[in-house]
*Asks:* 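One structure, pasted below without further comment.
All residue numbers refer to positions in the sequence shown, counting from 1.
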Amino acid sequence: MNRLLNNRYRFYILTGVGFLLWMLFFDANDLRSQFRNWRKAQELEEEKAYFQTQIEAVRAERKEVLGSQQLRIKYAREKYLMKKRHEDVYVLVDENGEPIEK
């Protein structure tokens, strides 16, 4: 009787170990895939935080620029080098051909 009980437990133990090995190494959601997905999620969270700060900076700049007509003109002249019809704009460049002010 004891031997029969031992064989039954051995079957369940071996089946459980086999199932555990299958789930850890051979399944589509094995440990390596889970770790890779976790690492990718961390990278995406970092990107999300970065872009949130960028969005806040753009919103603040937009709020500042849309405040008045004079600020809009100043922003367009400085950022996009726009000019009035009777003006000339000179861009100073260094020896590499890059603008000095960016």
Side-chain angles (χ1 to χ4, degrees):
M1 186 69 172
N2 198 12
R3 186 172 182 215
L4 183 63
L5 208 58
N6 243 351
N7 285 340
R8 187 180 330 163
Y9 286 131
R10 186 179 302 150
F11 170 75
Y12 288 120
I13 289 172
L14 290 176
T15 303
V17 167
F19 179 73
L20 187 64
L21 287 174
W22 181 265
M23 293 305 288
L24 289 176
F25 298 108
F26 302 115
D27 193 47
N29 297 317
D30 59 353
L31 282 178
R32 187 177 63 206
S33 299
Q34 292 296 323
F35 181 70
R36 193 175 331 127
N37 290 340
W38 177 78
R39 193 172 57 213
K40 183 68 174 175
Q42 295 298 321
E43 291 173 5
L44 290 175
E45 287 293 328
E46 290 172 6
E47 283 184 23
K48 178 183 173 185
Y50 169 75
F51 286 121
Q52 288 294 336
T53 58
Q54 292 297 97
I55 288 171
E56 291 301 319
V58 168
R59 283 185 181 156
E61 187 176 318
R62 180 178 174 218
K63 185 177 180 182
E64 178 185 326
V65 168
L66 294 179
S68 71
Q69 180 68 19
Q70 291 171 336
L71 286 176
R72 254 183 284 182
I73 291 171
K74 178 184 175 197
Y75 182 79
R77 291 167 141 272
E78 290 176 358
K79 185 101 173 175
Y80 298 110
L81 302 175
M82 292 185 170
K83 65 180 186 81
K84 294 181 181 177
R85 291 180 194 255
H86 62 278
E87 291 180 327
D88 291 327
V89 176
Y90 297 97
V91 178
L92 302 176
V93 294
D94 59 8
E95 57 274 354
N96 296 331
E98 296 291 322
I100 292 176
E101 289 187 22
K102 292 183 181 181

*Asks:* Can you confirm whether Glu56 is buried at CD, in the sense that more than 12 heavy atoms of other residues, nucleotides or ligands lie under 6.0 Å from that atom?
*Replies:*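 Atom CD in Glu56 is crowded, with more than 12 foreign heavy atoms closer than 6.0 Å.
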*Asks:* Quick check for you: to the nearest 0.5 Å, what is the distance between Gln34 atom CD and Arg39 atom CZ?
*Replies:*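 Answer for the CD-CZ pair, Gln34 versus Arg39, is 13.0 Å.
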*Asks:* In Å, rounded to the nearest 0.5 Å, how long is the span from CD of Glu43 to CH2 of Trp38?
*Replies:*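 Output value for this atom pair is 10.0 Å.
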*Asks:* Any heavy-atom pair between the side chains of Arg59 and Lys63 that's under 4.5 Å?
*Replies:*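 No - every pair of side-chain heavy atoms lies 4.5 Å or more apart.
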*Asks:* How would you list all residue pairs meeting side chain to side chain donor-acceptor pair (under 3.5 Å) that involve residues 20-30, not counting sequence neighbours?
*Replies:*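 Sorted result for residues 20-30: Asp30-Ser33.
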*Asks:* Do Tyr12 and Phe19 belong to the same hydrophobic cluster, where Ile, Leu, Val, Met, Phe, Trp and Tyr are linked whenever their side-chain heavy atoms lie under 4.5 Å apart, directly or via other members?
*Replies:*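 No; Phe19 is not reachable from Tyr12 via cluster members.
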*Asks:* With rounding to the nearest 0.5 angstrom, report the CZ to CG distance, Phe11 to Leu14.
*Replies:*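 So the CZ of Phe11 and the CG of Leu14 are separated by 9.0 Å.
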*Asks:* Do Phe51 and Val58 land in one hydrophobic cluster if side-chain heavy atoms of ILVMFWY residues count as linked below 4.5 Å?
*Replies:*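 Unlinked, Phe51 and Val58 end up in two clusters.
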*Asks:* Applying side chain to side chain contact (heavy atoms under 4.5 Å, CB included), name anything that partners Gln69, two or more places apart in sequence or on another chain.
*Replies:*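 Gln69: side chain to side chain contact (heavy atoms under 4.5 Å, CB included) contacts with Arg72, Ile73.
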*Asks:* How long is the gap from CD1 on Ile55 to NZ on Lys48, to the nearest 0.5 Å?
*Replies:*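 Result: 10.5 Å between the selected atoms.
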*Asks:* Kindly compute the distance separating CD (Glu47) from CD (Glu45), expressed to the nearest 0.5 Å.
*Replies:* 10.5 Å
*Asks:* Group every Ile, Leu, Val, Met, Phe, Trp and Tyr by side-chain heavy-atom contacts under 4.5 Å, then state whether Phe35 and Met23 land in the same group.
*Replies:* no
*Asks:* Could you state the interatomic distance from CG (Leu66) to CD (Glu61), rounded to the nearest 0.5 Å?
*Replies:*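 Reported to 0.5 Å precision, the distance equals 10.0 Å.
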